[in-house]
Amino acid sequence: MNTLLRNTNHRTWLLLVIATAATYWLREDAQLGAIAGFVTLAIAYAKGRLVVLDYMELRHAPRLWRSLLEGWLVAVTAIILLVYRYGLPEFGGGNVAG
Amino acid sequence: MNAITAVPDQAAPIAQRLPGDRDVWIFICAELLMFGAFFIAYIVNRASELAVFNDSQRTLDRTCGVINTLILISSSWAVVQALAAARSRRPQLISTYLGVAIALGVAFMLVKVFEYTAKFEAGLSMLTNTFYMFYFCLTMIHLMHVVAGTVILTVMWNKARAGGYDSGPLQGLETGASYWHMVDLLWIFLFALLYLLR
């Protein structure tokens, strides 16, 4: 297990699998409501960042390229989060929630 | 030849080094911008038709979505392993790991075909409603990227089997790997938006 966790590639894979399982479980739990949505998006961002930094090897890339991809992650997640929040029925968005 | 095999920067990723061809990164940025616009269009439309989107999302097979996420995550892992094998000059492992990545790419396609077939048999299409228009368009565009990526991986697998990565620079392998990871990255967001976010 220690050998598994010492290898960045194996560790990243394991984290991505755990994060995927967590979002699946979140959706199963109907009690969480909109919180599940915020956490789902936060987990998608964290998973995306792991792929960008570890799989794509941008952790040690020139700052410009790392910033471009990390900037995309932050911008896309932030816009989705904002629209999601203001689209919630309690904020007067959309029709009746399903 | 000796001069080529002695290239020192293949042992490990080096600080301040962009893996692969710079042009593929320009292409990746363009793709991310395009998909980013799709994601925002989806979430904006969803906000104005919440009930339609939530009801339609219930008809999706979330297990298929999770399986495909795990498939792409694992396929990316196999590609990183192939690159690590090439950098540490273990040529026989390069094609083995690339073979695993290709098999997983094909598995992703098969799960998608199974999912589409079930939807079409249930009478659902991209004309059903706005949610399904986004679902079919976005996942089909992404699927085309998976097909293209699997072809690229197959070309690299053939080259690896012919000893093409046994010595010399690995820029081609890194370039293909970067493209494949982008396909993985895009799916992570598609999965969250289409299958999970309610």
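Labels below follow one simple rule: chain letters A, B, ... track the order of the sequence lines, proteins then strands, and each chain is numbered from 1. All values below come from the heavy atoms of this structure, side chains included, with hydrogens, waters and symmetry mates left out.
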Top contributor to chain B interface from [options] [non-hydrogen pairs under 4.5 Å]:
| options | answer |
| --- | --- |
| A:Pro62, A:Ala21, A:Ala75, A:Gly37 | A:Pro62 |
| A:Lys47, A:Arg59, A:Arg66 | A:Lys47 |
| A:Asp54, A:Val52, A:Leu69 | A:Leu69 |

Whether over 12 other heavy atoms sit under 6.0 Å from B:Arg90 CZ = yes
Do [X] and [Y] land in one hydrophobic cluster if side-chain heavy atoms of ILVMFWY residues count as linked below 4.5 Å?
| X | Y | result |
| --- | --- | --- |
| B:Val147 | B:Ile141 | yes |
| B:Met34 | B:Phe134 | yes |
| B:Val111 | B:Phe120 | yes |
| B:Met182 | B:Val155 | no |
| A:Val74 | A:Leu41 | yes |

Smallest separation among heavy atoms of A:Glu57 and B:Arg87, with atom names =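 Between these two residues, the closest heavy atoms are OE2-NH1, 2.6 Å.
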Closest approach of B:Leu32 to A:Trp72 (non-hydrogen atoms, all atoms of both residues) | O-NE1, 2.7 Å
Hey, what do you get for [atom1] ([X]) to [atom2] ([Y]), rounding to the nearest 0.5 Å?
| X | Y | atom1 | atom2 | value |
| --- | --- | --- | --- | --- |
| B:Ile28 | A:Met56 | CD1 | CE | 4.5 Å |
| A:Ile80 | B:Leu197 | CD1 | CG | 8.0 Å |
| A:His10 | B:Gln81 | NE2 | CD | 4.5 Å |
| A:Leu16 | B:Ile188 | CG | CD1 | 5.5 Å |
| B:Leu196 | A:Thr20 | CG | OG1 | 9.5 Å |
| B:Arg62 | A:Thr23 | CZ | OG1 | 9.0 Å |

Residue pairs meeting salt bridge (Lys or Arg N to Asp or Glu O under 4.0 Å), one or both in residues 139-151 of chain B, sequence neighbours left out, come to none
Which bit of [X] is near chain A, if near means a heavy-atom gap under 4.5 Å: side chain, backbone, both or neither?
| X | answer |
| --- | --- |
| B:Ile40 | side chain |
| B:Ser76 | both |
| B:Leu72 | neither |
| B:Phe53 | neither |

Using non-hydrogen atoms only, which part of [X] is less than 4.5 Å away from chain B: side chain, backbone, both, or neither?
| X | value |
| --- | --- |
| A:Arg63 | backbone |
| A:Leu58 | side chain |
| A:Leu68 | side chain |
| A:Val17 | both |
| A:Trp13 | both |

Does A:Val51 offer a backbone N or O that forms a donor-acceptor pair with the side chain of B:Asp184 under 3.5 Å?
-> no
Quick one: which of B:Phe189, B:Trp180, B:Phe39 has the most heavy-atom pairs under 4.5 Å with chain A, could you say?
->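 Among B:Phe189, B:Trp180, B:Phe39, the one with the most close pairs to chain A is B:Phe189.
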Side-chain contact, heavy-atom cut-off 4.5 Å: A:Trp65 with B:Ile26?
->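 They are in contact (side-chain heavy atoms under 4.5 Å apart), so the answer is yes.
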If you measure only the distance, is there a donor-acceptor pair under 3.5 Å linking the side chains of B:Ser178 and A:Tyr55?
->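 No, A:Tyr55 and B:Ser178 have no side-chain donor paired with an acceptor closer than 3.5 Å.
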